[in-house]
Amino acid sequence: MSLPNNSIVTEFVLVGLPIQIDFMKITFLCFLIIYLINLTANFCTMAIIIIDLPLHTPMYFFLWNLAFLDICYSSVVVPKMLIGLLSQKQMISFYGCMLQVQFFHFLGSTEVILFSVMSYDRFVAIAHPLRYTTIMSPNACLCLALCSWVIGFFHALIHTIMTAKLPFCGPNDIKHFFCDVKPMLILACADTSLNLKLITRITGTLTTTTLVLTILSYIFISKYLFKIKTSQGRRRALSTCSAHLCVVSLQYGTAVFTYARPSTKDSLDQDRMAAILFTVITPALNPIIYTLRNKDMKKALKKLFLRSYE
């Protein structure tokens, strides 16, 4: 949809996914099922952690935060995408678009920071088991979680404000299934070099820093794993760490692929496909990965089922 050059855009068109019309309904059904699995699995994870007293530990406090983040993160994007699959093209207001940019980057950046916090928690649990409850006290856990949310919010706010200040004169077709900074910058009728630098430097620094901290935590964890004398203790430590590593690999892999590259027409098409992974697939996989690879969660889930049938 093109507009006269002197007009100001008040709404955008979300072009959606590059899918043939014949496959729209099948794709809608698949994504709806995955989204419902995401909501159900993450709500169950949150409920189990609250109900089961043995799970009232720092690790599960952060896992509760992750489950809550996954629900919110996917809900910012997926419902609008599902409606778009039925209508092919969908309108979104300028302010609605800015809100989506804010919450998408707020929740996404909070999640990557939380991954670093969770890896530090695993390091303390394995390296300093006797001092674990002292180091990871309730106040320390609350402070770490709060810092993750606050840093994530202000990181997103920078991008939202800088994007909102740009003039958009048309066309107003966003080649994505949600409002994101990179596809929006292409539509701006002004110099966007500063915005692109902010994405590369601020988002790049945040992603790189949290990734390095996560890797460092696991390097130190591997050092202490060899000091665990019993094979059972080593397997228990590895089970919780491997679940976290699976989730981290999925999230960081797609984030680096999407935001570390320069914007081109082909890269934006690839970004749309990558975005499906971290907005639709990963939030649904996270609770499943943690549950299947975690004996405490499986035990709590079994206990909950048995209690419901009594």
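Bear in mind that the values here come from a model prediction, so they are computed numbers and not experimental data. Every heavy atom of this structure was used, including side-chain atoms; hydrogens, water molecules and symmetry mates were not.
A donor-acceptor contact shorter than 3.5 Å is absent between the side chain of Asp121 and the backbone of Met136. Under a 3.5 Å cut-off, the side chain of Thr282 and the backbone N or O of Leu277 do form a donor-acceptor pair. In this structure a side-chain-to-backbone donor-acceptor pair under 3.5 Å is missing from His159 to Gln102. Here the side chain of Asn172 pairs a donor or acceptor atom with the backbone of Glu11 at under 3.5 angstrom. One N or O on the side chain of His56 and one on the backbone of Ile50 form a donor-acceptor pair closer than 3.5 Å. With Ser93 contributing its side chain and Gly96 its backbone, the two residues share a donor-acceptor pair below 3.5 Å.
Tyr60 has its side chain out of reach of Ile48: every pair of non-hydrogen atoms, C-beta onward, lies at least 4.5 Å apart. With a 4.5 Å cut-off on side-chain heavy atoms, Met46 and Ile71 count as touching. Looking at heavy atoms from C-beta onward, Thr110 lies out of side-chain contact with His155 at the 4.5 angstrom threshold. A heavy-atom distance below 4.5 Å is not found between the side chains of His176 and Leu14. For the pair Ile288 and Ile37, the minimum side-chain heavy-atom distance is below 4.5 Å. In this structure, the side chains of Val13 and Gln90 stay at 4.5 Å or more apart for every pair of heavy atoms. Ser148 places none of its side-chain heavy atoms less than 4.5 Å from the side chain of Leu144.
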Query raised in the report: Could you walk me through whether Phe103 and Tyr73 pass the ring-ring contact (aromatic ring centres under 6.0 Å, His included) check?
Result: CA-CA 8 Å; Phe103 280 99; Tyr73 187 48; over 10 Å; no
**Report entry** side chain to side chain donor-acceptor pair (under 3.5 Å) assessment of Ser116 paired with Thr214
**Finding:** CA-CA 5 Å; Ser116 292; Thr214 303; 3.2 Å; yes
Query raised in the report: Given the rule in the side-chain contact (heavy atoms from CB on, under 4.5 Å) test, do Thr133 and Thr57 qualify, once you have shown the distances and angles that lead to the verdict?
Result: CA-CA 9 Å; Thr133 52; Thr57 63; over 6 Å; no
Report task. Under the side-chain contact (heavy atoms from CB on, under 4.5 Å) rule, what do Gln100 and Val76 come out as? Steps first, then yes or no, please. Result -> CA-CA 7 Å; Gln100 198 171 45; Val76 169; 3.8 Å; yes
Requested in this report: Dump the intermediate steps for side-chain contact (heavy atoms from CB on, under 4.5 Å) on Phe31 and Ile26, then the final yes or no.
Outcome: CA-CA 9 Å; Phe31 286 163; Ile26 296 171; over 6 Å; no
Query raised in the report: Where do Leu55 and Met297 land on the side-chain contact (heavy atoms from CB on, under 4.5 Å) test, with the steps shown first?
Result: CA-CA 8 Å; Leu55 298 182; Met297 284 294 291; 3.9 Å; yes
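Considering CG of Asp180 and SG of Cys97, their distance stands at 9.5 Å, rounded to 0.5 Å. Taken from CZ in Phe106 to CD1 in Ile151, the straight-line distance is 11.5 Å, to the nearest 0.5 Å. Note: Thr40 OG1 to Leu36 CG = 6.0 Å, rounded to the nearest 0.5 Å. The CZ atom of Phe115 sits 8.5 Å away from the CG atom of Leu69 when rounded to the nearest 0.5 Å. Of the inter-residue distances, the one linking Ile158 atom CD1 with His105 atom NE2 reads 12.0 Å to the nearest 0.5 angstrom. To the nearest 0.5 Å, the span separating CD1 on Ile219 from OG on Ser119 amounts to 11.0 Å.
Put simply, Leu53 and Leu63 are part of two different groups of oily side chains (I, L, V, M, F, W, Y) that touch within less than 4.5 Å, one to the next. Under the 4.5 Å side-chain heavy-atom criterion for grouping Ile, Leu, Val, Met, Phe, Trp and Tyr, Phe168 is connected to Tyr95 within one hydrophobic cluster. Met81 and Leu32 fall within the same hydrophobic cluster, defined by Ile, Leu, Val, Met, Phe, Trp and Tyr side-chain heavy atoms under 4.5 Å apart, directly or through other members. By the criterion of side-chain heavy atoms lying less than 4.5 angstrom apart, applied directly or through intervening Ile, Leu, Val, Met, Phe, Trp or Tyr residues, Leu39 is grouped together with Val78 in one hydrophobic cluster. Residue Leu157 is not grouped with residue Ile202 when hydrophobic side chains (ILVMFWY) are merged at heavy-atom distances under 4.5 angstrom, including chains of intermediate members.
The neighbour count for Tyr132 OH, taken as heavy atoms of other residues, nucleotides or ligands under 6.0 Å away, is above 12. Counting heavy atoms of neighbouring residues, nucleotides and ligands inside a 6.0 Å radius, atom CZ of Phe220 does not exceed 12 of them. By the 6.0 Å contact criterion, CZ on Phe68 is open, its count of non-hydrogen atoms from other residues, nucleotides or ligands being 12 or less.
The side-chain contact (heavy atoms from CB on, under 4.5 Å) check on Thr209 picks up Thr205, Leu213, with sequence neighbours excluded. Applying the ring pair (Phe, Tyr, Trp, His ring centres under 6.0 Å) criterion to Phe43, with sequence neighbours excluded, gives no partner residue.
Residue Met162 is tested with Thr192, Leu198, Ile199 for a side-chain contact (heavy atoms from CB on, under 4.5 Å); the sole match is Leu198.
Side-chain polar atoms of Asp191 and Ser193 form a donor-acceptor pair below 3.5 angstrom.
Across Cys179 and Met184, no two heavy atoms sit closer than the pair CB-SD, 4.2 Å. Heavy-atom minimum distance, Pro287 versus Thr45: CB-OG1, 3.5 Å. Residues Met98 and Thr160 share a closest heavy-atom pair of O-CG2, 3.6 Å. Residues Leu82 and Tyr35 approach most closely at CD1-CD2, 4.5 Å, considering heavy atoms. Across all non-hydrogen atoms, the minimal contact from Pro283 to Asn38 is O-OD1, 3.4 Å. Here the shortest heavy-atom pairing between Phe177 and Leu17 reads CD2-CD2, 3.3 Å.
Using the six-membered ring where Trp is involved, His128 and Phe123 have ring planes that are perpendicular, over 60° apart on the 30 and 60° scheme.
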